[in-house]
There are 2 protein chains.
Amino acid sequence: MFKEEQIIKICKQNKWRLTEPRLEVLRIISLSKNPIKAYDILKKLANKIKNPKPPTAYRAIQFWQKHKFIHRIESLNAYQACSHGHSHVGAQFLICDDCGKVIESNLHEIPEILKKSTENKTFKPLRWNLEINGLCNQCS
Amino acid sequence: MFKEEQIIKICKQNKWRLTEPRLEVLRIISLSKNPIKAYDILKKLANKIKNPKPPTAYRAIQFWQKHKFIHRIESLNAYQACSHGHSHVGAQFLICDDCGKVIESNLHEIPEILKKSTENKTFKPLRWNLEINGLCNQCS
DNA sequence: TATTAAATGTTATATTATTACATAAAAAAA
DNA sequence: TTTTTTTATGTAATAATATAACATTTAATA
């Protein structure tokens, strides 16, 4: 979704510090075809930074998650660059069980469904995560 | 949802072996007010079984998950008894950020949404997990 | 320039989960 | 019933995922 230059700009505008570990971690995640795990990020980070430790990777991951540039795919313990802008409160992922590809999808009906539970006052939804497993059209 | 006697019956009907660790783990999860973590299950299991090890808990968890009597709440790494029968392919959870209570909800519109992606052939959904964070009516 | 705030480096450790292999129990076959 | 096979468990070890704590460095700001 975002090119690096855009991200640099957004960070500047918001005065978010774009440090080397952060930038490298974002690049690693962005360049990964499929969601990538923290320790695989860490391994790749070792090509850029001398002997990085887990907190270095996790802190950068946390930073990009907080600002909604990456998502955590909960059922995979893995991270993927956001492909739909970084301001939504919910996300939907189509996870191919065969090739492992994860498509971020914006199914706009989801918020409608959540509104119902708000209307009947049983629950006040703030954010959500939908992970759908199945087969992508390449694999089915 | 299910009482123990029902579960015993279902297991018998299906020739699923209802061993002691399985039964105790199910009881522990069922009696837990909120989703319970594997190592907390293990701790409680120690009251029933002599010095249980992680695989004992995880195997039982896996067994009940496979047969849809319990769910894993992915964002919490925790397990909760299924409250909607055990034959659905998708589940929705309303997670209260304040008290930690998780309500299993059947929002029947979800399948409709998934059908769309089937119809346009971009993805063939097989199962899904929706985790919604917010505030329950007790806490808001 | 001095001070403060934010980020990183580093060590250690906590948490979550699985592998591997020996043993036991139950089911199925002979 | 006895043997064989399958399924489950016990146990030790370790893998995979994530965080705490504290010293140091870097950047922002006063």
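Atom set for the values below is all heavy atoms of this structure, side chains included, hydrogens, waters and symmetry mates excluded. Keep in mind that this is a model prediction, so the values were computed, not measured. Numbers restart at 1 for each chain; the letters A, B, ... are given by sequence-line order, proteins then strands.
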Considering only distance and modelled atom types, tabulate donor-acceptor pairs under 3.5 Å from the side chains of residues 56-64 of chain A, sequence neighbours left out.
unit_1 : atom_1 : unit_2 : atom_2 : d
A/W64  : NE1    : A/R22  : O      : 2.8

Counting only non-hydrogen atoms, which of residues 47-57 of chain A are less than 4.0 Å from DNA chain C?
A/K53, A/P55, A/T56
Send over the distance from A/L18 CG to C/dT8 C1', rounded to a whole Å.
15 Å
On DNA chain C, more 5' by nearest nucleotide between A/A60 and B/Y79 is A/A60
Please classify the nucleic acid contact of B/R59 as base, sugar-phosphate, or nothing, using heavy-atom distances under 4.0 Å.
base
First of B/P21 and A/A38 reached from the 5' end of DNA chain D, by closest nucleotide
B/P21
B/S83-B/E104 side chain donor-acceptor pair, cut-off 3.5 Å
yes
Using residues 131-138 of chain B as the side-chain source, report each donor-acceptor pair under 3.5 Å to any protein atom, sequence neighbours left out, with the distance given to one decimal.
unit_1 : atom_1 : unit_2 : atom_2 : d
B/E131 : OE1    : B/S75  : N      : 3.0
B/E131 : OE1    : B/S75  : OG     : 2.6
B/E131 : OE2    : B/E74  : N      : 2.7
B/E131 : OE2    : B/N129 : ND2    : 2.8
B/N133 : ND2    : B/D97  : OD1    : 2.9

For residues B/H71 and B/Y79, establish whether the separation of their ring centroids is below 6.0 Å.
no
Roughly, in whole Å, what's the span from CG in A/N77 to P in D/dA15?
18 Å
May I have the distance from B/L42 (atom CG) to D/dA12 (atom C1'), rounded to whole angstrom?
14 Å
For A/Y58 and D/dT19, is the gap between ring centres under 5.5 Å while the planes differ by less than 30°?
no
Spell out protein contact along nucleotides 22-30 of chain C as letters: B when the base is contacted, S when just the sugar-phosphate is, - when no protein heavy atom is under 4.0 Å; keep the 5' to 3' order.
----S----
Ignoring hydrogens, what is the shortest heavy-atom contact between B/P125 and B/F123? Give both atom names and the distance.
CD-O, 3.2 Å
If we require ring centres under 5.5 Å and near-parallel planes under 30°, does B/Y39 stack on C/dT15?
no
Please state how far atom CG in A/L76 lies from atom P in D/dT17, giving the value in whole angstrom units.
11 Å
Using the side-chain contact (heavy atoms from CB on, under 4.5 Å) rule, take B/F69 and B/I10 through it: C-alpha gap first, then chi angles, then the decisive distance, then the call.
CA-CA 11 Å; B/F69 288 103; B/I10 291 167; 3.9 Å; yes
Of the options D/dT17, D/dT9, C/dA7, whose atoms approach the side-chain atoms of A/T19 most closely?
C/dA7
List, one per line, each side-chain donor-acceptor pair under 3.5 Å for residues 33-42 of chain A, sequence neighbours excluded.
unit_1 : atom_1 : unit_2 : atom_2 : d
A/N34  : ND2    : A/C99  : O      : 3.2
A/K37  : NZ     : A/L76  : O      : 3.2
A/D40  : OD1    : A/K43  : NZ     : 3.2

Test question: given the 4.5 Å side-chain rule for I, L, V, M, F, W and Y, name all other residues clustered with A/L31, or answer none.
none
Given the rule in the side-chain contact (heavy atoms from CB on, under 4.5 Å) test, do A/E20 and A/E24 qualify, once you have shown the distances and angles that lead to the verdict?
CA-CA 6 Å; A/E20 202 196 346; A/E24 294 300 347; 4.2 Å; yes
